[in-house]
Protein chains: 2
Amino acid sequence: MKSVFEDASMPKKTVLVVDDEPAIRDMLTMVLEAASFVVLEVENARLAHAAIIDRRPDIVLLDWMMPGTTGLELLRRLKRDPLTKNVPIIMLTAKAEEGGKVAGLDSGADDYVSKPFSPRELVARIKAVLRRISEDEVKEIIEAGSLRFDPISHLVTIAGEEITLGPTEYRLLHFFLKHQNRVFSRDQILDFVWGANVYLDERTIDVHIRRLRKSIAVAGCDQYVQTVRGAGYRFSIR
Amino acid sequence: MKSVFEDASMPKKTVLVVDDEPAIRDMLTMVLEAASFVVLEVENARLAHAAIIDRRPDIVLLDWMMPGTTGLELLRRLKRDPLTKNVPIIMLTAKAEEGGKVAGLDSGADDYVSKPFSPRELVARIKAVLRRISEDEVKEIIEAGSLRFDPISHLVTIAGEEITLGPTEYRLLHFFLKHQNRVFSRDQILDFVWGANVYLDERTIDVHIRRLRKSIAVAGCDQYVQTVRGAGYRFSIR
DNA sequence: AGATTGATGACAAAATTATGACATTTTTCT
DNA sequence: AGAAAAATGTCATAATTTTGTCATCAATCT
């Protein structure tokens with residue numbers, strides 16, 4: 001499966017690079033432009049905030065360590081502002097410090113890449129985040145058997161009957177519906193539904209699977225959520 | 001910049017170094033071990049072939065210029081043999097000759113590094129190849145007779161009917177399907193399906209063979225799993 | 001026939017998944 | 001803001017499956 005971003009007909013995505021060191025900005029710009037992104041550079045948090053509102057980048061690469069307002073501070077500010085809180089952000093950190101990692105993700109970063117990183121890895125992460133985001137933007141009704149999923153009205157029905165789902169179960173079901181007839185390991189499910197770098201006990205997935213099954217256990221729809229021993233779970237109407 | 005990937009939790013990858021010059025082998029070994037690879041060394045093509053089958057390295061570094069069978073020749077041979085053709089290979093060449101480069105890649109090398117190279121570059125290339133390989137690993141639908149094996153949905157069907165397999169039988173069948181019409185000793189099967197350095201009673205293989213046969217005993221598919229007395233087992237639809 | 005090698009059924013231990021309960025955290029409502 | 005309700009992540013425990021070995025029987029070879 002080729003990445004959607006390699007499609008020349010597709011408008012290029014814009015990345016905002018926020019880093020105080022010109023050398024690093026240059027490096028990132030080179031890498032990202034080679035990967036067909038449009039790159040914007042700013043050197044501090046204030047300019048970053050302005051650029052995000054002004055230029056509406058598709059994603060922001062934010063350096064953790066910056067003089068003045070730190071990346072973390074900016075991250076929090078951005079996530080608080082309704083105008084900017086939907087812009088995906090990838091944090092760049094010098095070291096994989098556990099503390100920083102957790103703090104950053106808790107504050108809403110979509111992913112986290114520690115320096116030094118390989119260009120290939122960075123680009124892959126960016127694309128992964130963008131893919132996740134753009135997938136969520138697809139609002140089309142999905143039907144599977146007697147189950148009907150309507151992302152627009154945020155309504156799930158089985159044989160006409162409305163079903164109530166918690167936020168997580170809703171996302172989980174949406175994910176499954178978008179990728180039917182395919183096994184996913186718990187790891188993958190975690191990545192896609194919860195987001196990268198979320199550390200949860202693998203067993204927690206089981207619990208959510210159970211909750212989802214319970215919720216859609218009407219007309220036997222819970223059978224669509226299938227356990228594949230030793231591999232993970234699969235959604236299939238057969 | 002420091003080394004990029006240092007994940008102690010990952011099982012170490014094994015690199016086979018094929019080069020006739022001891023000095024170069026030593027150098028490579030040092031570099032690779034520093035990067036947490038397990039290194040195997042051999043000095044010629046014949047030994048290389050044996051080592052690949054025997055030790056199953058995750059990747060091979062192959063010198064272009066060698067007395068006797070050249071690297072290119074070995075590369076072609078490896079890519080022709082179904083048993084070895086999936087092992088990723090990086091060619092090492094003395095100079096970046098355009099011609100050689102093209103020939104090597106055309107013959108199936110996964111990447112190409114020209115000497116002299118920086119240790120960091122070499123390690124980066126190796127990791128890049130390993131990542132690429134593991135990403136698009138074996139998710140191809142395989143059909144044999146009325147049997148259909150779909151790794152994507154993790155589904156095995158015979159004449160349309162779904163078959164249930166335990167994890168081990170599933171892997172065993174997958175292995176057989178990828179290497180049809182070829183006898184494997186129990187030792188080899190153990191290595192391929194259970195993984196190297198796993199000690200199990202040889203008779204256990206028999207039991208799993210039987211379980212696999214029983215599971216696919218629909219439309220006579222169990223006959224595909226053939227006993228080769230004194231040698232091992234073979235999967236063949238004839 | 002005697003010796004080897006493979007096939008099978010039975011088991012108990014090990015591994016994996018399902019579930020119900022609970023403490024917290026987040027959201028919603030008043 | 002404060003109370004009430006909903007949602008979440010973890011556990012401990014139960015329910016299922018899977019797996020490695022054995023003991024025994026069958027087939028093949030010398």
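By convention in this document, chain letters (A, B, ...) are assigned in the order of the sequence lines, proteins followed by strands, and residues within each chain are numbered from 1.
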Visitor: Check the angle between the aromatic planes of Phe175(A) and Phe192(A) and answer parallel, tilted or perpendicular using the 30° and 60° thresholds.
Guide: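 Plane angle under 30°, so parallel.
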Visitor: Determine yes or no for a side-chain-to-main-chain donor-acceptor pair under 3.5 angstrom, with Gln180(B) supplying the side chain and Leu177(B) the backbone.
Guide: yes
Visitor: Using a distance-only criterion (donor-acceptor N/O pair, under 3.5 Å, no hydrogens), is the base of dG20(D) paired with the side chain of Arg211(B)?
Guide: yes
Visitor: Should the side chain of Arg229(A) and the base of dT16(C) be counted as holding a donor-acceptor pair, with the cut-off at 3.5 Å?
Guide: yes
Visitor: Expressed in angstrom and rounded to an integer, what is the separation of Arg186(A) atom CZ from dT17(C) atom P?
Guide: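 Distance check: Arg186(A) CZ to dT17(C) P gives 4 Å.
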Visitor: Expressed in angstrom and rounded to an integer, what is the separation of Glu202(B) atom CD from dT4(C) atom P?
Guide: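 About 16 Å, once rounded to whole Å.
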Visitor: Could you tell me the separation between the CD1 atom of Ile189(B) and the P atom of dG20(D), rounded to a whole number of Å?
Guide: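 My rounded result for the distance is 14 Å.
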Visitor: Rounded to whole Å, how long is the line connecting atom CD1 of Ile205(A) with atom P of dC11(D)?
Guide: 14 Å
Visitor: What nucleotide among dT8(D), dC22(D), dG6(C) has an atom nearest to a side-chain atom of Thr227(B)?
Guide: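 Taking heavy atoms from C-beta onward, the closest nucleotide is dG6(C).
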Visitor: Between His179(A) and Phe235(A), is the ring centroid distance below 6.0 Å?
Guide: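 Ring centroids of His179(A) and Phe235(A) are no less than 6.0 Å from each other.
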Visitor: Which atom names give the shortest non-hydrogen contact between Ile59(B) and Val87(B), and what distance separates them?
Guide: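 Taking Ile59(B) first and Val87(B) second, the nearest heavy atoms are CA-CG1, 4.4 Å.
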Visitor: Go nucleotide by nucleotide along DNA chain C from the 5' end; which of Lys214(B) and Val228(B) gets its closest nucleotide reached first?
Guide: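 Nearer the 5' end of the strand: Val228(B).
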Visitor: OH of Tyr199(B) versus C1' of dT19(D): gap in Å, rounded?
Guide: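 It works out to 16 Å between those atoms.
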Visitor: Give a yes/no on whether any side-chain N or O of Trp194(A) is located under 4.0 angstrom from OP1 or OP2 of dT8(D).
Guide: no
Visitor: Would you say Tyr170(B) reaches dT17(D)'s phosphate, i.e. side-chain N/O to OP1/OP2 under 4.0 Å?
Guide: no
Visitor: Given dT8(D), is OP1 or OP2 found less than 4.0 Å from the side-chain N or O atoms of His208(A)?
Guide: no
Visitor: Compare side-chain N and O positions of Arg210(A) against OP1 and OP2 of dG20(C) and report whether any pair is under 4.0 Å apart.
Guide: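 Answer is yes, contact under 4.0 Å.
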Visitor: Of the options dT17(C), dT19(D), dT10(D), whose atoms approach the side-chain atoms of Asp206(A) most closely?
Guide: dT17(C)
Visitor: So, Arg148(B) side chain and Thr157(B) main chain: donor-acceptor pair closer than 3.5 Å or not?
Guide: no
Visitor: OP1 or OP2 of dT21(D) versus the side-chain N and O atoms of Thr204(B): is any pair under 4.0 Å?
Guide: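 For dT21(D), OP1/OP2 do have a side-chain N/O of Thr204(B) under 4.0 Å.
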Visitor: With sugar-phosphate meaning primed atoms plus P, OP1 and OP2, does Arg213(B) contact a base, only sugar-phosphate, or nothing at under 4.0 Å between heavy atoms?
Guide: sugar-phosphate
Visitor: Side chain of Arg203(A) only, please: which of dT16(C), dT8(D), dT10(D) is the nearest?
Guide: dT16(C)
Visitor: I need the CG-P distance between Leu212(B) and dT19(D), as an integer number of Å.
Guide: 12 Å
Visitor: Among dT17(C), dG9(D), dA7(D), which nucleotide sits nearest the side chain of Tyr233(A)?
Guide: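 It is dT17(C).
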Visitor: Can you check the Leu200(A) CG to dT25(C) P distance for me, whole Å?
Guide: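 For the pair Leu200(A) CG and dT25(C) P, the rounded distance is 15 Å.
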Visitor: Flag the pair Tyr224(A) / Phe176(A) as yes when their ring centroid distance falls below 6.0 Å, and as no otherwise.
Guide: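 Ring-ring flag for Tyr224(A)/Phe176(A): false, centres at least 6.0 Å apart.
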Visitor: What's the CG-C1' distance between Asp201(B) and dA23(D), to the nearest Å?
Guide: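 In whole Å, dA23(D) C1' lies 13 Å from Asp201(B) CG.
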